[in-house]
Amino acid sequence: MFKRIKEDIQTVFEQDPAARSYLEVILTYSGLHAIWAHRIAHWLYKRRFFFLARLISQISRFFTGIEIHPGAKIGRRFFIDHGMGVVIGETCEIGDNVTIYQGVTLGGTGKEKGKRHPTIKDNVLIATGAKVLGSITIGENSKIGAGSVVLKDVPPNSTVVGIPGKVVRRDGVRVNKDLNHGDLPDPIADILLRMQEEIEQLKKEVEVLRLERSREHGHTNL
């Protein structure tokens, strides 16, 4: 147990350059607290102490802002950076060396039974605000861009961006564009652009009707 605790703390130092001391990490890193609380809750959950497991997970959620269902399976060296708003569902499975950021949801898509949450393979990074939904698999060494919504399986060694998420790089080869948070699709901007185009088209049609009526009016006067 103490070996795993030491490994967890060392992972923080490896992942976060802002970490300065062991005392600071142990006392102030909410992501670390959430992982430790989950280990206790998961131990109870596997032994069918469901109420106690949920109680611990909810207490942890209250203090850390991170909700991890006690049924979720989490591997080693898991790192939650600035974890506020993170949600991890009951049947989620997370491999080793996975990093996620604030606002990430590993959730389901409805009320289906059985495996309904994602499987995250080793060495995956999921950026701020990304949503990975359903019983899908994110392959090893993949990256999910900030704000992406992923609803389908992601192959290993891939980079995904957008809503819905699309693979833009695989095995080091660009599919269409690289991970660039500034290039993520903006659905509101797209809607406004379409509205502007429709308004311009309506203006042209109104102008044509005005000219036709003006000509008709001129002929009538003659």
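Being a predicted model, the structure only gives us computed values, none of them experimental.
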Discussion item. With a 4.5 Å cut-off on side-chain heavy atoms, are F78 and H38 touching?
Written reply: no
Worksheet item: CZ of R54 to OH of Y45: how many Å apart, nearest 0.5 Å?
Response: 8.5 Å
Worksheet item: So does K121 have more than 12 non-hydrogen atoms from other groups sitting under 6.0 Å from NZ?
Response: no
Worksheet item: Do Y29 and D16 have side-chain heavy atoms sitting under 4.5 Å apart?
Response: yes
Worksheet item: Under a 4.5 Å cut-off applied to non-hydrogen side-chain atoms, are L125 and Y101 in contact?
Response: yes
Worksheet item: Do L133 and V150 come close enough that some side-chain heavy atom pair is under 4.5 Å?
Response: no
Practice prompt. Examine distances only and state if a side-chain atom of K131 and a backbone atom of G107 form a donor-acceptor pair shorter than 3.5 Å.
Written response: no
Fill in: Sidechain-backbone polar pair: T137 side chain, G139 backbone, donor-acceptor under 3.5 Å
no
Worksheet item: Ion pair present between R4 and E7, side-chain N to carboxylate O less than 4.0 angstrom?
Response: yes
Worksheet item: If you draw a 6.0 Å radius around CZ in F50, do more than 12 non-hydrogen atoms from other residues or ligands fall strictly inside?
Response: yes
Worksheet item: Do I100 and I88 pass the side-chain contact (heavy atoms from CB on, under 4.5 Å) test, and can you show the C-alpha distance, the side-chain angles, and the key distance before you say yes or no?
Response: CA-CA 11 Å; I100 65 176; I88 299 175; 4.2 Å; yes
Worksheet item: Just wondering, more than 12 heavy atoms not from K115 lying within 6.0 Å of its NZ?
Response: yes
Worksheet item: Nearest heavy-atom pair of P70 and A53: which atoms, and what distance?
Response: CB-CB, 3.8 Å
Discussion item. Count I, L, V, M, F, W, Y as connected when their side-chain heavy atoms are under 4.5 Å apart, and connections chain through other members. Are W36 and I56 then in the same cluster?
Written reply: no
Discussion item. Tell me if the CZ atom of R47 is crowded by more than 12 foreign heavy atoms within 6.0 Å.
Written reply: yes
Worksheet entry | Interatomic spacing from CG in N97 to OG1 in T11 - rounded to 0.5 Å | 7.5 Å
Worksheet item: Is H117 close to H69 at the side-chain level, that is, under 4.5 Å between some pair of heavy atoms?
Response: no
Practice prompt. Measure the shortest side-chain to side-chain distance between E205 and L202 over non-hydrogen atoms and say whether it is less than 4.5 angstrom.
Written response: yes
Worksheet item: Rounded to the nearest 0.5 Å, what separation is found between the CD atom of E93 and the CD1 atom of I74?
Response: 11.0 Å
Worksheet entry | P155 versus S158, closest heavy-atom pair with distance | O-OG, 2.9 Å
Discussion item. Under 4.5 Å between side-chain heavy atoms, counting indirect links through other Ile/Leu/Val/Met/Phe/Trp/Tyr residues: same cluster for V87 and I35 or not?
Written reply: no
Worksheet item: Knowing that exactly one of D96, N141, N157 qualifies, which makes a side chain to side chain donor-acceptor pair (under 3.5 Å) with N123?
Response: N141
Worksheet item: Could you state the interatomic distance from OG1 (T99) to CD1 (I94), rounded to the nearest 0.5 Å?
Response: 11.0 Å
Discussion item. With heavy-atom distances below 4.5 Å as the criterion, would you say the side chains of L32 and D8 are in contact?
Written reply: yes
Worksheet item: Once you round to the nearest 0.5 Å, how far does NZ of K203 lie from CD of E207?
Response: 11.0 Å
Discussion item. Just checking R39: does its CZ atom have more than 12 heavy atoms from other residues, nucleotides or ligands closer to it than 6.0 angstrom?
Written reply: yes
Practice prompt. Group every Ile, Leu, Val, Met, Phe, Trp and Tyr by side-chain heavy-atom contacts under 4.5 Å, then state whether I5 and F13 land in the same group.
Written response: yes
Practice prompt. Quick one: closest heavy-atom pair of G89 and A72, and the distance?
Written response: O-CB, 3.4 Å
Practice prompt. Give the C-alpha distance, both sets of side-chain angles, the deciding distance and a yes or no for side-chain contact (heavy atoms from CB on, under 4.5 Å) between Q10 and R77.
Written response: CA-CA 9 Å; Q10 187 59 41; R77 295 177 295 279; over 6 Å; no
Worksheet item: Looking at side-chain heavy atoms only, is the closest gap between C92 and L106 below 4.5 Å?
Response: yes
Item to complete: Measure across A34 and S60 and return the closest heavy-atom pair with its distance rounded to 0.1 Å.
Response: CA-OG, 3.7 Å
Fill in: Where V160 and S148 come nearest, the two heavy atoms and their spacing
O-OG, 3.7 Å
Worksheet entry | Main-chain N/O of V168 paired to R170 side chain as donor or acceptor, under 3.5 Å | no
Worksheet item: Would a hydrophobic clustering, with Ile, Leu, Val, Met, Phe, Trp and Tyr connected at side-chain separations under 4.5 Å, put I68 with V98?
Response: yes
Fill in: Side-chain H-bond candidate by donor/acceptor type, E197 with Q201, under 3.5 Å
no
Discussion item. Starting from M84, can I reach I80 by hopping between I/L/V/M/F/W/Y residues whose side chains sit under 4.5 Å apart?
Written reply: no
Fill in: Point-to-point distance, once rounded to the nearest 0.5 Å, from CD of Q102 to NE2 of H82
6.5 Å
Worksheet entry | Positive for side-chain contact (heavy atoms from CB on, under 4.5 Å) with P118, one of V132, I126, V154, T91 | V132
